[in-house]
Visitor: 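Before anything else, here's the structure in question.
Nothing here was measured: the structure is a model prediction, and the numbers come from that model. Order of listing sets the numbers, starting from 1, for every ligand and every atom in it. In this chain, residues are counted from 1 in sequence order.
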Amino acid sequence: MTDDSAFEAAATIRERKPGFRPWLGMILGSGLGPMAEQIDEPIVMRFDELPGFPVSTVHGHAGELVLGTLFGLPVACLKGRAHFYEGYGMGVMTSAVRTLKLLGCETLLVTNAAGSLRREADAGSLVAVTDHINLLPGTPMVGHNDERFGPRFFSLSNAYDSELLGLLKASAHASGIELHEGVYAACPGPNFETAAEIRMMSVLGADLVGMSLVPEVISARHCGLKVVAVSVVTNLAEGLGTVALSHDQTLKYAALGAKDLLVLLQAFVTELARRPDTRASA
Ligand code: HPA
C-alpha cells in the first residue's frame, strides 16, 4: 500500500509558487512560530490545504507552511507541528517531511521546546541536540517501506549532522549566544514526566526531555535529509525545579528563548546562504 500524499502536497505547493526550490526545511515548535515572520515575500499555506500535513490541536502551533527567502536562503518553514500524543501515531510528521524532500530541501532544521536535565541550562537557554534517545512507543518507519523515499534499514549515526552542528556552534560563538549541547529524550506526553522518570533518563544519558523531534528526525534521515536541531529550554525537568510544569510556562519561556534563537538562526542561515551549494538568492 503506497501513500502518495507527499507527492500531492508537493504538487499543490508547486502550483502556489512555481519554480521555487527551497534548500532548507524548517520545523518551528511551541511558541517559536514568530521566527517565520523574518521570511521575505512569504507564501503562506494552511496545513489543512496540504495532503498528509497533520493539523495540530495545540495552542502555540499555527499549522502553516511558509515559503520564501530567509536571510538570503530559500526555505520552506512549518510553523507548528503535530505530536504523537495528539493521536496521529508515530508517522505523524512523515508525510510533511517527505514533502520537504520532494520540494528539493537538502537539510531540515528543527526547533522545539524542551525540559532540561542540566541545571546549568535553565529556562530560556538554547541547546543544540547532538543525539537522541527514543522513549516513544515505536518508530515512524514500522510497516510497509516506501522505497521511493529510502531503504528498509538505515543508520542513525550522525543523525544530527556533525558538520552543520559545527557551523551552528560557530554561528553561536560569532553572535555571542550561549549554546549548550545535549542528548534529547523523547517521551510520549501529553503529561509531563514524573521525577522518577527524569532520574532514570538522567542515568541513561539524557540532557533534555520533550514530546517531539524524534518522529520527524527519523523520517528525515530515512529520506536522506540532513538534520540540525535546537531546543529552547522552557523549564528544568520535573524534580529539578520549583515551578509547577504547565503549557503556559512552556509558551512563556519559549518566547524568551526565541529572542536568542532568532539571533542564532540569523547568523546560521546567513552563513549557509554564503555557501555556493545552497542556491541562495541574495
Ligand atoms: N517535558 C516534556 N516536554 C517538555 C517539557 C518537559 O519538561 N518542557 C517542554 N516540553
Visitor: Could you tell me if any non-hydrogen atom of Gly210 lies under 4.0 Å from any atom of ligand 1?
Guide: yes
Visitor: How far is atom 6 (C) of ligand 1 from its nearest protein heavy atom, and which residue and atom is that?
Guide: Phe192 CD2, 3.5 Å
Visitor: When you look at Ile177 and Leu261, which way does the side-chain contact (heavy atoms from CB on, under 4.5 Å) test go after all the steps?
Guide: CA-CA 9 Å; Ile177 299 287; Leu261 186 61; over 6 Å; no
Visitor: Starting from atom 2 (C) of ligand 1, find the nearest protein heavy-atom neighbour and note its residue, name and distance.
Guide: Glu193 OE2, 3.2 Å
Visitor: Specify the protein heavy atom at minimum distance from atom 7 (O) of ligand 1: its residue, its atom name, and the distance to 0.1 Å.
Guide: Asn235 ND2, 2.9 Å
Visitor: Apply the test side-chain contact (heavy atoms from CB on, under 4.5 Å) to residues Leu272 and Leu167: give CA-CA distance (whole Å), side-chain angles for both, the deciding distance (0.1 Å), then the verdict.
Guide: CA-CA 9 Å; Leu272 282 175; Leu167 189 63; 3.5 Å; yes
Visitor: With backbone taken as N, CA, C and O and side chain as the heavy atoms from C-beta onward, which portion of Ala114 lies under 4.0 Å from ligand 1: side chain, backbone, both, or neither?
Guide: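 Backbone only.
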Visitor: Applying a heavy-atom cut-off of 4.0 Å, say which part of Thr234 lies close to ligand 1: side chain, backbone, both or neither.
Guide: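 Thr234 to ligand 1: side-chain contact only, backbone stays beyond 4.0 Å.
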Visitor: Would you kindly specify which portion of Asn112 sits under 4.0 Å from ligand 1, judged on non-hydrogen atoms: side chain, backbone, both or neither?
Guide: neither
Visitor: How close does the nearest protein non-hydrogen atom get to atom 10 (N) of ligand 1, and which residue and atom is it?
Guide: Ala113 O, 3.7 Å
Visitor: Using a 6.0 Å cut-off, check whether atom CD of Glu120 has over 12 heavy atoms from anything other than its own residue.
Guide: yes
Visitor: Taking the six-membered ring where the residue is Trp, are the ring centres of His83 and Tyr88 under 6.0 Å apart?
Guide: no
Visitor: Ring centroids only, cut at 6.0 angstrom: are Phe149 and Phe7 within range, meaning strictly under it?
Guide: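 Yes - the distance between ring centres of Phe149 and Phe7 falls below the 6.0 Å cut-off.
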Visitor: Is Gly115 close to ligand 1, meaning an N/O of one under 3.5 Å from an N/O of the other?
Guide: yes
Visitor: I want to know whether His222 and Phe154 have ring centres closer than 6.0 Å.
Guide: yes
Visitor: Can you tell me if Lys226 has over 12 outside heavy atoms packed within less than 6.0 Å of its NZ?
Guide: no
